[in-house]
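Encoded as C-alpha cells, the structure appears first; notes follow it.
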Amino acid sequence: MTSSRDPEPRPEPTPDRPTPGPEPFTPPSPAALDARLDSITRQPFRAKFHLRGRDRVTAELKGPATIRWHAYDLIAGRLAPAQPYKDGKQTPYRGHPVFVAQHATGTCCRTCLQRCHGIPKGRDLTRAEHVYVVEVICRWIEREMTGGAR
C-alpha cells in the first residue's frame, strides 16, 4: 500500500530512455541578445557604465579577439565557480573593459547573473552558460566601441 504522499515511481533509465536532466541552455539569437542588453542597460545603475579613458583605449589596442579571450579567462576564475571568492565584491569597477562590461550587463556576480540572466547561483556555470556570459560582455563592448546601442 502506498500513501498519497509517496512520489510516483520513476521509470528506470535505459539506453533509449536516459535519466531526465535539466533542460540544456540554449543561447539567445543576436537579436534577442541585443534586446536583453537594451533592457538591462535601461536600469539606472547599469546605464551609468560606458567605456571611457584607459578602458576604451585598452579595448581599441587589444582588439575584439584578445578582449574575448580575457573575458573568457576572467569569467572562468571570477564567476564560473559555484561559490566564487568574494562573490558580490570580486569585480572592480574599472581597470579592464571586461570589468566595466560586467557591471553594465549584470554579469558582475552570481546574484546579478541570476537576477538579470536567470542563471542560478550555487553551482558551477556550464560551458554553454560561460560562453553566453562572454557573448553578452563582448556584445556590450562592441556596441560601446561602435557608438552605443543599435
Side-chain angles (χ1 to χ4, degrees), residues 5-14 16-52 55-56 58-59 62-150:
R5 298 168 110 189
D6 290 340
E8 291 184 26
R10 295 183 81 180
E12 290 296 318
T14 61
D16 61 319
R17 186 180 44 195
T19 304
E23 289 295 314
F25 183 81
T26 54
S29 68
L33 185 59
D34 279 337
R36 179 162 295 168
L37 282 174
D38 290 342
S39 173
I40 291 169
T41 57
R42 278 194 295 269
Q43 297 171 9
F45 175 74
R46 311 259 175 234
K48 295 185 292 188
F49 294 97
H50 296 283
L51 283 181
R52 296 184 176 105
D55 295 328
R56 185 174 191 89
T58 299
K62 298 291 184 185
T66 301
I67 294 296
R68 180 174 299 276
W69 175 251
H70 289 179
Y72 194 87
D73 192 44
L74 289 167
I75 296 306
R78 293 173 176 258
L79 195 66
Q83 303 293 324
Y85 177 69
K86 292 178 130 182
D87 192 27
K89 299 175 184 163
Q90 77 270 37
T91 305
Y93 283 93
R94 60 183 167 267
H96 196 287
V98 171
F99 296 151
V100 179
Q102 283 185 265
H103 289 293
T105 62
T107 59
C108 47
C109 67
R110 293 304 293 263
T111 299
C112 291
L113 193 61
Q114 182 171 335
R115 187 179 306 137
C116 295
H117 300 277
I119 298 174
K121 55 186 185 175
R123 62 166 177 76
D124 290 350
L125 292 182
T126 65
R127 185 175 183 327
E129 290 165 342
H130 189 151
V131 169
Y132 165 76
V133 170
V134 171
E135 282 300 314
V136 168
I137 289 167
C138 291
R139 182 66 183 136
W140 183 85
I141 292 171
E142 177 186 331
R143 289 167 43 142
E144 282 289 303
M145 298 304 291
T146 58
R150 299 177 102 198

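Note: hydrogens, waters and symmetry copies are ignored here, and every other heavy atom, side chains too, is used. Remember, it's a predicted structure, so these values are computed and weren't measured experimentally.
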Does some side-chain heavy atom of Pro84 sit less than 4.5 Å from a side-chain heavy atom of Lys121? no
Min side-chain heavy-atom separation His130-Asp124 under 4.5 Å: no
Which atom names give the shortest non-hydrogen contact between Thr107 and Leu79, and what distance separates them? O-CD2, 3.3 Å
So, do Arg68 and Ile141 sit near enough that their side-chain heavy atoms are less than 4.5 Å apart? no
Give a yes or no on whether the backbone of Cys112 and the side-chain of His117 come within a donor-acceptor separation of less than 3.5 Å. no
Heavy-atom distance under 4.5 Å between the side chains of Glu144 and Pro97, does that happen here? no
Could you check if a side-chain atom of Arg78 sits within less than 4.5 angstrom of a side-chain atom of Phe99, using non-hydrogen atoms only? yes
Close side-chain approach of Val100 to Arg52, heavy-atom, < 4.5 Å: no
If you look at every heavy atom in Asp87 and Cys109, which pair is closest and at what distance? OD1-CB, 3.4 Å
Over all atoms of both residues, closest heavy-atom pair of Ala104 and Ile40: O-CG2, 3.5 Å
May I ask you to test the Leu51-Trp140 pair for a side-chain heavy-atom distance under 4.5 Å? yes
Is atom OH of Tyr85 surrounded by more than 12 heavy atoms (other residues, nucleotides or ligands) closer than 6.0 Å? no
Validation row: Glu129, Arg123 side chains within 4.5 angstrom (heavy atoms): yes
